[in-house]
Engineer: 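Handing you a structure now.
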Amino acid sequence: MADTVLSVRDLSIEFDVGGIARPAVRDLSFDLSAGEVLGIVGESGSGKSTILFAIMRYLADNARVPNGSIRVGTQELLTLSRRELDHFRGNRIAMIFQDPTGALNPSMRVGDQIAEGILRHQTLTVAEARAKTMSWMARVQLETPKLTYAKFPHELSGGQRQRVMIALALAMEPDVLLMDEPTTALDAVVQAHILELVRTLAVEENLALVFVTHDLAAIAKVADRILVLYAGELMENGPANLVLNNPSHPYTQALLKAMPKLDWSEPALAIPGMISEAVDRFSACVFVDRCAQVKEKCRTTRPKLEPRRNGVVSRCHFQPFKPKLSARPPRVEISIPVKDSSSILQLNNVTLEYPLKGVGLSGFLPWEAKQFQAVRDVSFNVPANGALAIVGESGSGKSTIARAILGLMPVARGTLIFGGEDIAQFSRTRLREFRQMVQIAFQHPTSSLNPRKRILHQVARPVLLAGQTRDAGLQAAEEMLSAVGLNASFHDRMPASLSGGQLQRVAIARAFVSCPKLLILDEPTTALDVSVQAGILELLVELKLNTGCTFLLISHDLAVVRQIAQDILVLKGGVVCETGDIDQVFSNPQHEYTKTLLNAALQV
Amino acid sequence: MKRGDIDTSVWVGGSITVFAVLFAILGFFWQPFDPLMIDLTSRFADPSLAHPLGKDGFGRDMLSRLMAGAWKSLTMGFGATFLALSIGVPVALFAGYMRGWVDQLIMRVVDVFLSIPSLVFALIIIVSLGTSHMNALIALGIATSPRFVRIIRTIVMDTMAHDYVTAARARGETALFIQYREVLPNIWPPIIIEGSINVGFALMAGAALSYLGLGTQPPAADWGVLVRDGQQAINQSIWPLLGPAITISIAIVGFNLLGEGLRDQIARTKVHEHG
C-alpha cells in the first residue's frame, strides 16, 4: 500500500493464567493506510479487543507478547518507554470504547474534557483550545456546541456522549483511531447516524481507523477492508465487499448465515459449539471442531494463510467453497398463522407512571409527588398462540409494559385483561395461577440467574413454587434443561462457569419449566454474539412450536423480531405509532417513525 | 496483583485473628497457673521463666490471667458482633426489600441512633440493664447494629436490581424467600468484612466498658479489667499493664487488617473480572 500508517507483523499475545500461557492472539499480520477503515470482526473470546489493547500498549499485567511487531509509521510501539508512550497515546493513536459513560468524567463539563486533552497535547492557549473544541463539537454534529460545551455527561444521551468521545479523540489529530464496539450499546437509529459520521470523518481526516465489533452489519457500513478473527487467528482478510458477498472462509460464511435477515429470506443458522481451547493449535485448524465443511486434512495440518483472488487472504486448506445451502428445510411452519382469533392478553388504554424522585423529602410527601408518564394510553391485543413484538428505542416504555404485565408496577389508568379477566381484580389464588402462566426471560444472562445457586435448582424452583414435590421439580428441571440443549453435566454447575449463550438457555428453561401460557422475552439476544443469538432464536421457535406458548417479544432489533414475531407494535416515547401484521408493516410501513426504524436497520 | 495471591494485610490480620482465637480457646480450658491464686509473697514479681509476664499486686500469674481474660474479651468481640448482625441483617434486608416510605422510616430511625456514638449508646443501655459481662455484650451488640443496617441495606438494594430478583418477584416468591434465599447468599462477603472490623471495635469497646467497671466484674477479669488494674499499680511495676495493653492493641489491629484487607482484595478481584 502507498503509505502504510499502521503495520502489525506476526503478533502473538498470550495471557499467563495460573502459570499456564493461554494464547489470545497468534501470528497476526495486517497493514492499514491513511484514510482506510479496517473492520475486525469476531465472536467474544476471539481476541479482537486484545489486539486494540496491544496497539495501545495497555494490556493486562499477565499478558506477554512473545513475538511480533506493531509499527505506526516507522516507530516500533512494543519497545517504547513509558515517557514516549505518554506522548504517543493521544497524539498518534487514540481509542474509543463501547461505553462512553464510563469513559467520561461525570463531574466535569464535556467541553472542558475535550479542551483538556487538546491542551495536554498541543501548545495552544486556553481560548484557542476552547475554540477548537467548539469546532470539533460541530464537526461531530453535536447540536448547539456552545450549550453542549457546558453540559455534564449525564445530561447527554448515549449517542451524544459517543459523539463527544469521537470529538475528544479526533481533536488531538491522531493518525490512528481504534474503536472497540463503539455503537453496540446504542439504539438502531443512533447507531446508523454514528456509523455514517465515523465513515465521513475517517475520509476527511485521512485517518487509519480500526473498527472492532461482533456485528457484521455495522462493519458493512463503515469498513473498506474486513479482517475475520477466530480464536485469536486471522481467518480471512480482504476488501469488505468481497468478504461479505463472496466469503472464502467457512467461518465467514457461517457468521453471515448466523445473521438474522430483515427480509426473512432465510432463517438465521447457529454455529454449533463454542470457541474451544482443546484444539491443538499446532497441528490442526482452530476452527476444526465447528466447521461445517471439515475434511481430514483440517485435523492433521494447520492451514497457512493462502492468497485468493483480488487481495483476499484466507486461512483454509481449500479453495472457496460454494456457500452450501442448509440441509435443514426452511422454516415455513411459523409463517403459517397458527394464532387464534381470541386474545390471551389485552391492554385497554393503559397509562403507566413512575414517581419522579426529588431531593430529600421533596417528592416524598404525597402532595408533592410528581409522576413521569412512561407509557400513555396504550391499547393492544396479544393473540393466543401468537407472537407479538413490541419494538422501540430505549426509553420508549417497552420494558415498562412488561413490568406492568408481570404485576411489578401499578397501572395508573386503564385495564389489563388476561384470559378474559381484569388482572387488577384477581384474587390471591388466581394471582398465583396467573404468575405461573406468565413468565419472563431477560436481556442480561449474567444478571438473570442467581450467582450462588446451582443451575438445576434454579430451574426447578418455579415447579416447587407451584406446590409440586422436590423430586417432581428436579425431574421437570432435568427434562427442561435437556430440551434447551444442556446435558446433565450442567446440573450442578454455578452460573459463573457458563457462557452467555448457555446462561440464556438456562434462563429460558426456567421460564418454560412451569408450562407458561405467555412468555415475555425482554431483548433475549441483545447481549449475545450473532452465532449464539441464532441458536437462541432457533430454540425459541422450536419451543414455541412444541408448547404453543404465546410470545411477547420486546426488542429494538427488527431483524431479530422478524425471526419470531407475527404481529408488531411500534412504540415511541410511550405512545403506539403503528401496529399490525409484521409482513404488512415491514413491506408497507405507514408511520414515519416505522420507516425511520426500517431504514436504520443494518443489513449486510 | 494476580488472582489467587493473598493480600499481605489479609495474611497478617488472618494470622493474628487465628492466633487470638486459639489463645482464647486454650485459655478457656487451661492456664499454666490458677488465675485467681493469690500469693502475697511474690507481689509484682518481674517476668521469669515460670511467669513470663510477671505477677500482679496479689501475686497472681499475669499470663494465666491474660489467657483466662482472652476468652472473656473475645466472646465480647464476637458475641456483640453476632448480636449486631442478627439485628442489622434482617432489618437491612427488610428495608432494602420494601423501599419507599417503610425504608425511609427505618433509615431515619437508624440515623437517630447513628448520631449517638456507639460507646455512649452502649453506656445508656448498660445503665438500664445493670453491669455484667453479658449485659455489656448485649449493649454493644445493640449499639453497633445501626451501622450494619446502613451498610448492608445499600448492598441489598444493589442486589435487588438484578434480574434474578425481578424474576423471583414475577413468579410470585414470598418476601421472605427473596430476602433470605435470593439476596442473602449474594451479600455474605461484605457482611463478613464489616463483621470482622466490628469484632475489633467491640473488643476495644468491651475492654473500655470493663475498664470503667461496667463490664466484666472482678474477680473474673477480661483484658479491660487487667488494663485498669495494671494502670492503678503502674508505680509499683509496669508489667501488669504492659501484657494486656499490648495484647489488646495487637488483637484490634489484627481484626481491622483482616477486614480491610479482605475489602481491598474483593474490590480488586471485581476490577480484575470486569477489566
Side-chain angles (χ1 to χ4, degrees), chain A residues 16-19 53 58-62 99 102 355 360-361 364-366 399 402-403 405-409 428 431-453 457-458 461-466 495-496 503 506-507 510-511 513-514 516 520 522, chain B residues 1-6 93 95 97-109 111-112 155-192 266 268-275:
Chain A
D16 176 19
V17 183
F53 284 120
Y58 199 62
L59 287 168
D61 293 343
N62 61 341
D99 172 24
L361 273 181
F364 176 59
L365 302 170
S399 293
R403 290 178 63 81
I405 295 171
L406 291 165
L408 297 178
M409 67 180 294
R428 267 185 101 91
L431 190 64
R432 197 173 303 146
E433 288 166 14
F434 167 75
R435 295 213 138 136
Q436 273 165 44
M437 289 189 280
V438 181
Q439 294 287 329
I440 183 164
F442 298 95
Q443 172 178 358
H444 297 290
T446 42
S447 167
S448 68
L449 295 173
N450 191 324
R452 302 267 167 182
K453 288 186 177 181
H457 291 130
Q458 299 208 42
R461 181 64 202 170
V463 185
L464 300 185
L465 190 65
L503 289 172
V506 175
R510 183 181 61 188
V513 77
S514 60
I520 300 172
D522 193 352
Chain B
M1 196 183 77
K2 270 181 279 177
R3 189 188 302 209
D5 286 10
I6 294 178
L93 281 168
Y97 174 82
M98 293 300 286
R99 290 172 177 262
W101 68 269
V102 177
D103 172 54
Q104 291 291 326
L105 194 70
I106 292 172
M107 291 321 290
R108 294 301 78 79
V109 173
D111 283 346
V112 170
I155 304 161
V156 170
M157 284 189 157
D158 287 350
T159 313
M160 289 283 297
H162 282 286
D163 286 339
Y164 59 83
V165 176
T166 314
R169 291 175 61 194
R171 67 172 183 259
E173 298 283 8
T174 61
L176 283 180
F177 182 90
I178 293 175
Q179 291 172 38
Y180 289 89
R181 303 297 292 278
E182 297 282 358
V183 175
L184 186 59
N186 287 293
I187 59 173
W188 276 120
I191 290 179
I192 290 167
I266 284 174
R268 256 198 300 266
T269 318
K270 280 214 174 116
V271 169
H272 205 101
E273 272 163 14
H274 291 291

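Each chain gets a letter, A, B and so on, in the order its sequence line appears, and its residues count up from 1.
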Engineer: Would you call B:Glu182 and A:Lys453 a salt bridge, using N to O less than 4.0 angstrom?
Structural biologist: yes
Engineer: With only heavy atoms counted, which part of A:Leu408 is less than 4.5 Å from chain B, the side chain, the backbone, both or neither?
Structural biologist: both
Engineer: Which atoms of B:Thr166 come close to chain A, meaning under 4.5 Å heavy atom to heavy atom: side chain ones, backbone ones, both, or neither?
Structural biologist: both
Engineer: Given a strict heavy-atom distance threshold of 4.5 Å, which part of A:Gln439 is in contact with chain B: side chain, backbone, both, or neither?
Structural biologist: side chain
Engineer: Is there side-chain contact between A:Pro451 and B:Tyr164, with at least one heavy-atom pair below 4.5 Å?
Structural biologist: yes
Engineer: First locate atom CD of B:Glu173, then atom CG of A:Leu465, and finally report the distance between them rounded to the nearest 0.5 Å.
Structural biologist: 4.5 Å
Engineer: Below 4.5 Å, heavy-atom pairs only: which of A:Gln436, A:Arg435, A:Arg432, A:Gln443 has the largest tally toward chain B?
Structural biologist: A:Arg435
Engineer: Please examine the side chains of A:Arg510 and B:Arg171, heavy atoms only from C-beta on, and report whether any two atoms are closer than 4.5 Å.
Structural biologist: yes
Engineer: Are there more than 12 heavy atoms of other residues, nucleotides or ligands under 6.0 Å from atom CZ of A:Arg428?
Structural biologist: no
Engineer: Does B:Tyr180 OH have over 12 foreign heavy atoms under 6.0 Å away?
Structural biologist: yes
Engineer: Between B:Phe177 and A:Arg461, is there a cation-pi geometry (under 6.0 Å to ring centre, at most 45° from the normal)?
Structural biologist: yes
Engineer: If you tally heavy-atom pairs under 4.5 Å against chain A, which of B:Val183, B:Val165, B:Asp163 wins?
Structural biologist: B:Asp163
